[in-house]
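Comments concern the structure below.
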2 protein chains.
Amino acid sequence: MEKIDIPKRTVYRLSLYQRCLQKFLEQSVDTVSSDDLASAAGVKSTQLRKDLGYVGQFGTRGLGYSVETLSAAISGVMGLSMLQPVVLIGVGNLGAALIRYGGFRKEGFEIIAAFDAEPSNVKGPTEEMGVPVHHVSSLGDYVAEHAVRVGIVAVPESAGQEVTNILVESGIQAILNFSPAVLNVPEAVVVNHVDLAAELGSLGFFVN
Amino acid sequence: MEKIDIPKRTVYRLSLYQRCLQKFLEQSVDTVSSDDLASAAGVKSTQLRKDLGYVGQFGTRGLGYSVETLSAAISGVMGLSMLQPVVLIGVGNLGAALIRYGGFRKEGFEIIAAFDAEPSNVKGPTEEMGVPVHHVSSLGDYVAEHAVRVGIVAVPESAGQEVTNILVESGIQAILNFSPAVLNVPEAVVVNHVDLAAELGSLGFFVN
DNA sequence: GAACAATTGAGAGAAATTTCGCAATTCATC
DNA sequence: GATGAATTGCGAAATTTCTCTCAATTGTTC
Ligand SMILES: NC(=O)c1ccc[n+]([C@@H]2O[C@H](COP(=O)([O-])OP(=O)(O)OC[C@H]3O[C@@H](n4cnc5c(N)ncnc54)[C@H](O)[C@@H]3O)[C@@H](O)[C@H]2O)c1
Ligand SMILES: NC(=O)c1ccc[n+]([C@@H]2O[C@H](COP(=O)([O-])OP(=O)(O)OC[C@H]3O[C@@H](n4cnc5c(N)ncnc54)[C@H](O)[C@@H]3O)[C@@H](O)[C@H]2O)c1
């Protein structure tokens with residue numbers, strides 16, 4: 001079960017490639033060159049080939065890659081062969097937007113339940129998308145019972161570590177963190193920190 | 001006015017440091033060591049010192065950094081000395097969430113206007129936050145007239161390049177792109193691509 | 001004011017990541 | 001079935017980023 005050792009950056013790009021391949025598939029393209037795919041993903045073709053090299057050999061020289069084969073291969077590595085259930089904690093501005101967004105399914109993820117400290121304040125998403133919003137007190141049990149492996153944290157900074165602890169104790173394996181909080185987790189748990197304020201803030205450097 | 005050459009990663013972290021410093025300031029802490037600040041930001045202290053090294057020398061050996069001085073210095077480099085006006089294009093799920101979020105002001109950014117292809121569909125944010133939502137046809141003029149330098153793109157992928165072109169032609173200097181589209185821009189324009197689907201997707205690799 | 005503890009700043013070294021270069025392979029054509 | 005054009009896969013080189021080390025400096029204590 002030992003995952004091959006793949007650089008984090010490469011894993012991220014594999015996710016991009018996968019989406020591009022999906023799009024090619026929809027357009028009934030059945031073969032792409034590394035140049036085609038790379039430019040669709042916004043990277044250099046050498047980079048793409050090096051990235052794919054971590055996964056295996058899927059191309060045929062002179063021709064390129066079979067979209068279907070490559071897509072299946074990446075899906076395999078990325079564990080996207082089946083829909084991955086996800087819980088979301090914090091149904092505020094951002095959390096609600098994420099729930100309403102329908103696009104994650106296509107990427108292989110489904111938000112199956114949401115949790116909030118005040119679920120009664122939350123109206124829209126439940127009805128709109130069929131995602132139930134529970135009280136955060138039931139988070140631990142839910143995650144454990146449904147063996148949920150991925151969680152999205154969209155609570156205020158002050159509550160970030162708290163809900164993370166619950167997730168971790170209940171066996172979560174990966175967290176997408178939107179709060180500014182620096183989350184403390186065991187080695188085995190992976191955290192992707194998306195810090196929107198910092199992303200915007202860093203643009204300040206480049207203007208004027 | 002040539003900016004010092006600072007690695008992108010460092011710029012991003014400077015933004016983190018700045019937020020942490022702000023928090024220290026609120027707590028009336030007036031001196032921090034590189035260890036304190038680094039752990040608040042979730043990085044190693046050697047990394048922090050190296051990052052600050054790009055900016056200048058602000059610490060006193062044996063003591064640490066003056067929160068106020070350092071914060072001012074970073075603000076200077078990051079161009080956050082004054083509130084940076086920002087336009088947002090695409091007031092859908094995500095765009096509306098960003099508008100409703102009040103935290104960007106504290107980071108030195110203010111969404112002064114939003115644009116959508118169908119502004120009549122958009123209700124909430126305008127009234128709630130006092131951010132007017134205009135038709136996208138007026139985007140170019142608005143950006144040019146108000147000399148807006150930073151834009152947030154939150155439209156569907158298919159419209160990403162289109163609105164980007166308008167922004168670029170009108171003199172935008174930096175873009176925060178939430179759409180999956182790979183945006184094509186001139187060298188002088190900086191794009192921060194926040195690809196939520198890819199961030200979530202890449203977690204798939206790490207589970208199980 | 002000498003000894004000590006704390007802590008920065010910066011150069012050197014290590015590690016990670018990206019880019020390059022090119023042999024190997026495949027398909028199409030003559 | 002040989003020639004040529006296209007394109008992968010991979011080792012090597014280049015670049016970027018991170019970490020380590022330690023001398024230099026400051027404040028504090030005796
Ligand atoms: N919305 C944005 O555009 C934006 C931008 C930058 C950063 N962020 C960050 O994303 C996070 C969410 O932002 P938001 O605007 O959606 O905030 P929000 O205040 O609108 O929503 C937070 C939600 O979390 C819930 N909550 C609070 N404590 C909780 C707990 N212990 N357990 C479960 N739920 C709890 C609240 O009831 C609320 O519904 C914040 O950390 C914020 O700093 C958001
Ligand atoms: N919401 C999420 O959680 C989420 C997650 C991942 C990615 N994204 C990406 O973020 C972007 C926005 O997502 P969303 O969920 O808010 O989408 P959305 O469909 O809710 O909103 C898009 C908005 O853009 C407007 N629009 C369309 N074409 C336009 C144009 N040419 N000019 C101006 N406005 C235009 C639409 O009227 C709509 O209001 C999309 O690219 C999406 O793929 C969103």
Side-chain angles (χ1 to χ4, degrees), chain A residues 3-17 20-21 24 29-71 73-74 77 182 190 193 198 202 205, chain B residues 3-17 20-21 24 29-71 73-74 77 182 190 193 198 202 205:
Chain A
K3 289 267 177 185
I4 329 138
D5 185 45
I6 303 184
K8 253 200 153 187
R9 293 290 197 79
T10 293
V11 170
Y12 176 86
R13 283 189 300 264
L14 286 173
S15 186
L16 296 182
Y17 304 152
C20 295
L21 287 168
F24 280 124
V29 178
D30 44 69
T31 304
V32 287
S33 69
S34 57
D35 255 333
D36 296 341
L37 184 52
S39 71
V43 302
K44 301 210 167 144
S45 64
T46 52
Q47 175 85 84
L48 168 69
R49 292 203 298 276
K50 165 88 21 180
D51 285 339
L52 295 182
Y54 288 107
V55 178
Q57 289 185 207
F58 307 104
T60 51
R61 298 175 179 200
L63 238 198
Y65 302 87
S66 150
V67 173
E68 205 171 325
T69 306
L70 185 54
S71 168
I74 296 181
V77 174
V182 175
V190 177
H193 194 175
S202 65
F205 177 76
Chain B
K3 292 270 177 184
I4 329 138
D5 185 47
I6 302 185
K8 252 201 155 186
R9 295 290 198 78
T10 293
V11 170
Y12 177 84
R13 284 189 298 263
L14 286 173
S15 186
L16 296 183
Y17 304 152
C20 294
L21 287 167
F24 281 123
V29 178
D30 43 69
T31 304
V32 288
S33 69
S34 58
D35 255 333
D36 296 340
L37 184 52
S39 68
V43 303
K44 300 210 168 144
S45 64
T46 50
Q47 175 84 82
L48 168 69
R49 291 203 299 276
K50 165 85 31 177
D51 285 339
L52 295 182
Y54 288 106
V55 177
Q57 289 184 207
F58 307 105
T60 52
R61 299 178 177 198
L63 237 199
Y65 302 87
S66 149
V67 172
E68 205 172 326
T69 307
L70 185 54
S71 168
I74 295 181
V77 174
V182 175
V190 177
H193 192 174
S202 65
F205 177 76

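Here is the naming used below: chain letters follow the sequence lines, and residue numbers restart at 1 for every chain. Please read these numbers as outputs of a predicted model, since none were measured by experiment.
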Least distance between heavy atoms, [X] atom then [Y] atom:
X      : Y       : answer
G42(A) : V182(B) : CA-CG1, 3.8 Å
S15(B) : S202(A) : OG-N, 3.7 Å
A38(B) : L48(B)  : N-CD2, 3.8 Å

On DNA chain D, which is the earliest and which the latest nucleotide, 5' to 3', with an atom closer than 4.0 Å to a heavy atom of chain A? dA6(D) to dA12(D)
Let me know the distance between [atom1] of [X] and [atom2] of [N], rounded to the nearest Å.
X      : N       : atom1 : atom2 : answer
Q57(A) : dT25(C) : CD    : C1'   : 11 Å
Y54(B) : dG11(C) : OH    : P     : 12 Å
L48(B) : dT8(C)  : CG    : P     : 8 Å
D51(A) : dC20(C) : CG    : C1'   : 16 Å

From [atom1] ([X]) to [atom2] ([Y]), nearest 0.5 Å:
X      : Y      : atom1 : atom2 : value
S34(B) : Q47(B) : OG    : CD    : 12.0 Å
L21(A) : L16(A) : CG    : CG    : 11.0 Å
I6(A)  : Y54(A) : CD1   : OH    : 8.5 Å

Let's go through L52(B) and I74(B) carefully: what are the C-alpha distance in whole Å and the side-chain angles of both, what is the deciding distance for side-chain contact (heavy atoms from CB on, under 4.5 Å) to 0.1 Å, and is it a yes or a no? CA-CA 9 Å; L52(B) 295 182; I74(B) 295 181; 4.2 Å; yes
Evaluate the side-chain contact (heavy atoms from CB on, under 4.5 Å) criterion for residues L14(B) and F205(A): first the C-alpha distance (whole Å), next the side-chain angles of each, then the deciding distance (0.1 Å), finally the verdict. CA-CA 10 Å; L14(B) 286 173; F205(A) 177 76; 5.8 Å; no
If you define the side chain from C-beta out and look only at heavy atoms, does anything of V29(A) sit under 4.5 Å from D36(A)? no
Assign G53(B) to base, sugar-phosphate, or nothing according to its heavy-atom contacts below 4.0 angstrom with the strands shown. nothing
Between L63(A) and R9(A), which is nearer to the 5' end of DNA chain D once each is assigned its nearest nucleotide? L63(A)
Looking at DNA chain D, which of residues 34-47 of chain A put a heavy atom within less than 4.0 Å of it? S34(A)
Under the salt bridge (Lys or Arg N to Asp or Glu O under 4.0 Å) rule, what pairs show up with a residue in residues 50-66 of chain A, not counting sequence neighbours? R13(A)-D51(A)
Polar atoms only, N or O, under 3.5 Å: list the protein pairs with nucleotides 28-30 of chain C and their distances.
none

Who pairs with S66(A) by side-chain contact (heavy atoms from CB on, under 4.5 Å), at least two apart in sequence or on another chain? E68(A), T69(A)
Pairs under 3.5 angstrom, nitrogen or oxygen only, protein versus nucleotides 22-24 of chain C, please.
unit_1: dA24(C); atom_1: O4'; unit_2: R61(A); atom_2: NH1; d: 3.4
unit_1: dA24(C); atom_1: N3; unit_2: R61(A); atom_2: NH1; d: 3.1

Pick out which of F24(B), Y65(B), Y17(B) makes a side chain to side chain contact (heavy atoms under 4.5 Å, CB included) with L70(B). Y65(B)
